[in-house]
2 protein chains.
Amino acid sequence: MEGEAGAASKEPKTARGEATRRAILDAAEKVIGRLGYSEASIGSITREAGVAQGTFYIYFKSKDEIFSELVREMGRSLRHRISDATADIPGRLNAEREGLRAFLAFVAEHPELYRIVQEAQFVDPEAYRAYFRAFAEGYRQGLAAAAASGEIRPGDAEIRAWILMGIARSLGERAVVFGHQTPVDELVETAHDLIVNGLKR
Amino acid sequence: MEGEAGAASKEPKTARGEATRRAILDAAEKVIGRLGYSEASIGSITREAGVAQGTFYIYFKSKDEIFSELVREMGRSLRHRISDATADIPGRLNAEREGLRAFLAFVAEHPELYRIVQEAQFVDPEAYRAYFRAFAEGYRQGLAAAAASGEIRPGDAEIRAWILMGIARSLGERAVVFGHQTPVDELVETAHDLIVNGLKR
DNA sequence: AAGAAATGTGAATACTGATTCATATCTCAT
DNA sequence: ATGAGATATGAATCAGTATTCACATTTCTT
């Protein structure tokens with residue numbers, strides 16, 4: 001046998017190795033978030049991590065691989081954060097609001113992560129699609145259930161899922177990429193009002 | 001004097017040159033749209049255009065430069081298309097619907113262009129921001145006017161502009177990047193209903 | 001304390017691909 | 001029809017950087 005089933009990459013065997021791997025991953029997040037994938041060199045990552053260049057390859061097979069790992073890790077923590085925030089909110093529309101708030105808070109705290117996911121569309125399209133498919137599916141189920149229970153008007157849950165996802169992403173981008181400083185609560189308020197009541201007078 | 005004020009790049013002086021430059025630009029659109037910026041080499045572009053590699057540098061200063069030009073050109077034609085489609089639609093909400101329809105039709109016809117704009121976020125951030133600022137500002141003005149005239153409920157026009165923009169982008173991405181095949185009219189229907197009436201029963 | 005495994009080093013390698021350049025060929029004004 | 005600019009060629013240059021490798025050092029086991 002070589003390694004575990006999915007065998008991400010070369011797993012460390014000691015606590016020391018674990019710490020080094022972690023340091024490299026954190027450095028990569030920081031550096032790639034700041035410079036973007038192609039500008040970030042292995043050298044800049046290992047420098048940031050305080051290790052030699054060769055050390056990188058003890059823990060990761062390639063530059064692509066560490067990037068994929070970053071994307072997956074980020075997806076996990078974001079999903080976790082949102083499901084925590086919405087776990088015991090009663091009513092789909094309320095859960096929707098809290099999910100949006102949690103999302104915006106998360107991206108404000110981790111602008112690098114946001115940028116990385118966006119870039120994954122080009123660097124690792126498969127990871128990117130998986131990430132959004134997972135999100136869309138979550139939304140879709142919630143909306144379908146809410147329509148069935150009569151909480152919201154009937155309508156195509158899958159398309160609506162993409163609409164809500166788009167709203168969240170756009171507001172996140174407005175803040176992170178375009179630097180607008182509106183407080184999260186105000187964004188959530190405006191968006192939720194539109195989602196619930198529409199624009200019509 | 002050297003050239004015109006902004007002097008994009010080396011302008012051709014004859015019809016022959018004009019045609020070659022055009023061929024290279026079209027080839028770049030096709031190739032970069034298919035392979036992405038970093039995978040697309042100058043060689044692959046000139047091969048597609050049917051000219052020698054050196055010819056590229058007669059008309060463009062660098063790979064970056066042709067990319068920026070592509071982004072600008074695309075922004076122009078998309079804006080043009082949308083303003084044509086909404087020019088004489090009475091009522092903001094109706095114009096909104098037709099704008100969305102025009103946008104989705106355009107991206108369905110030019111998936112490469114869509115991909116290129118997205119990638120501009122990393123390759124040419126300034127062009128990217130300019131592109132969306134222009135869009136957001138158009139939306140914002142329309143919404144502010146509609147709120148003032150009482151067609152829609154009052155609310156922050158700028159945030160709402162980003163919300164509507166996000167909806168359009170997300171549905172475009174669903175089609176182009178994720179390959180879902182829903183007819184444009186159905187998307188427009190569902191989105192417009194949500195935008196006008198909200199989800200609430 | 002000794003050997004083996006794990007970890008760490010950083011200089012050398014290897015490759016890719018953007019850009020340049022010396023050299024044709026073409027086009028148009030005269 | 002001719003010569004000066006404009007356009008075209010594609011092989012050579014050049015730079016950047018991902019990856020490898022031969023050689024330390026540290027840690028763990030016994």
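Below, chains carry the letters A, B, ... as their sequence lines are ordered, and counting in each starts from 1.
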J.: Please confirm whether the shortest side-chain N or O distance from B:Tyr59 to OP1 or OP2 of D:dA8 is below 4.0 Å.
T.: yes
J.: Applying ring pair (Phe, Tyr, Trp, His ring centres under 6.0 Å) as the test, list every pair that has at least one member in residues 68-101 of chain B; sequence neighbours left out.
T.: none
J.: Whole angstrom is fine here: how far is it from CD1 in A:Ile45 over to C1' in D:dG16?
T.: 15 Å
J.: Rounded to whole angstrom units, what separation is found between the CD1 atom of B:Ile58 and the C1' atom of C:dT20?
T.: 12 Å
J.: Please pick, from C:dT19, D:dT9, C:dT9, the nucleotide with the shortest atom-to-atom distance to any side-chain atom of B:Val51.
T.: D:dT9
J.: By nearest heavy atom, map A:Gly54 and A:Ala15 onto DNA chain C; which one lands nearer the 5' end?
T.: A:Ala15
J.: If you only use heavy atoms from C-beta on, which nucleotide in D:dT19, D:dA8, C:dT20 is closest to the side chain of A:Ile42?
T.: D:dT19
J.: Of the listed nucleotides (C:dT9, C:dA18, C:dT27), which one gets closest to any side-chain atom of A:Ala52?
T.: C:dT9
J.: Considering only C:dA6, D:dA18, C:dA18, which nucleotide approaches the side chain of A:Tyr57 most closely?
T.: D:dA18
J.: Using whole Å, report how far CD of A:Gln53 lies from P of D:dA22.
T.: 18 Å
J.: The side chain of A:Ser62 is closest to which nucleotide in this list: D:dA8, D:dT26, D:dT19?
T.: D:dT19
J.: For A:Ala168, what residues pass the side-chain contact (heavy atoms from CB on, under 4.5 Å) criterion, not counting sequence neighbours?
T.: A:Leu100, A:Phe103, A:Tyr139
J.: Side chains of A:Arg174 and A:Thr182 only: does a donor on one sit below 3.5 Å from an acceptor on the other?
T.: yes
J.: Answer yes or no: does a side-chain N or O of A:Arg21 lie under 4.0 Å from OP1 or OP2 of C:dT7?
T.: no
J.: So, are A:Glu98 and A:Arg101 salt-bridged, with charged N and O less than 4.0 Å apart?
T.: yes
J.: How do B:Thr14 and B:Asp64 order along DNA chain C: which one's closest nucleotide is nearer the 5' end?
T.: B:Asp64
J.: Is there a side-chain contact between A:Thr55 and the phosphate of C:dT9, meaning an N or O under 4.0 Å from OP1 or OP2?
T.: yes
